Colleague: 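What follows is a single structure, and I will ask about it in a moment.
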Amino acid sequence: MDKYDKQALQVAKEVVIKFIEVGRISPSNFGQNFDVIYKDIVRTITGVTAGDGSRQVIIEDEAE
């Protein structure tokens, strides 16, 4: 897991906790909402959607 993934996980966790505190998300639908929030944060940080493999191509291109 690289630094962007760790940062995205931390931010997503904080956002979801805040949403639970204000009542926008319940613990019963945490998983469904966390996934969406995490992917949005990763896309914002990197410009690509998590899990589509396009980021790996960018990383490999930078290594050359």
Side-chain angles (χ1 to χ4, degrees):
M1 182 177 291
D2 66 2
K3 69 178 183 176
Y4 293 118
D5 292 331
K6 288 180 183 178
Q7 290 174 344
L9 280 172
Q10 181 65 33
V11 171
K13 181 184 98 172
E14 292 174 15
V15 168
V16 170
I17 289 171
K18 188 57 72 178
F19 281 167
I20 290 172
E21 289 173 350
V22 298
R24 302 265 322 211
I25 295 176
S26 69
S28 64
N29 62 5
F30 166 84
Q32 177 184 8
N33 289 299
F34 186 85
D35 187 48
V36 172
I37 292 169
Y38 172 73
K39 286 181 180 178
D40 284 344
I41 292 169
V42 169
R43 186 180 30 184
T44 300
I45 292 171
T46 64
V48 296
T49 303
D52 68 359
S54 60
R55 186 159 180 248
Q56 187 62 35
V57 173
I58 293 170
I59 292 170
E60 290 171 0
D61 288 344
E62 289 174 354
E64 294 177 353

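Keep in mind that what you see is a predicted model, and the values were worked out from it rather than measured.
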Colleague: Identify all side-chain donor-acceptor contacts of residues 11-20 below 3.5 Å with residues at least two apart in sequence or on another chain.
Modeller:
| residue | atom | partner | partner atom | Å |
| --- | --- | --- | --- | --- |
| Glu14 | OE2 | Gln10 | NE2 | 2.8 |
| Lys18 | NZ | Glu21 | OE1 | 3.2 |

Colleague: In chain order, what residues pass the side chain to side chain contact (heavy atoms under 4.5 Å, CB included) check against Ser28, with sequence neighbours excluded?
Modeller: Ser26

Colleague: Would Leu9 and Ile41 count as a side chain to side chain contact (heavy atoms under 4.5 Å, CB included) if you check the C-alpha gap in whole Å, the side-chain angles of each, and the deciding distance to 0.1 Å?
Modeller: CA-CA 9 Å; Leu9 280 172; Ile41 292 169; over 6 Å; no

Colleague: Establish whether Phe30 and Ile37 are linked, either directly or via other cluster members, by ILVMFWY side-chain heavy-atom contacts under 4.5 Å.
Modeller: yes

Colleague: Which residue pairs satisfy the salt bridge (Lys or Arg N to Asp or Glu O under 4.0 Å) criterion with at least one member in residues 24-34, sequence neighbours excluded?
Modeller: none

Colleague: Apply side chain to side chain contact (heavy atoms under 4.5 Å, CB included) to the pair Ile45 and Val42, showing each step before the final yes or no.
Modeller: CA-CA 5 Å; Ile45 292 171; Val42 169; 5.8 Å; no

Colleague: Mind checking side chain to side chain contact (heavy atoms under 4.5 Å, CB included) for Asp35 and listing every partner two or more places apart, or none if nothing turns up?
Modeller: Lys39

Colleague: Of all heavy-atom pairs between Asn33 and Asn29, which one has the smallest distance, and what is that distance?
Modeller: ND2-O, 2.9 Å

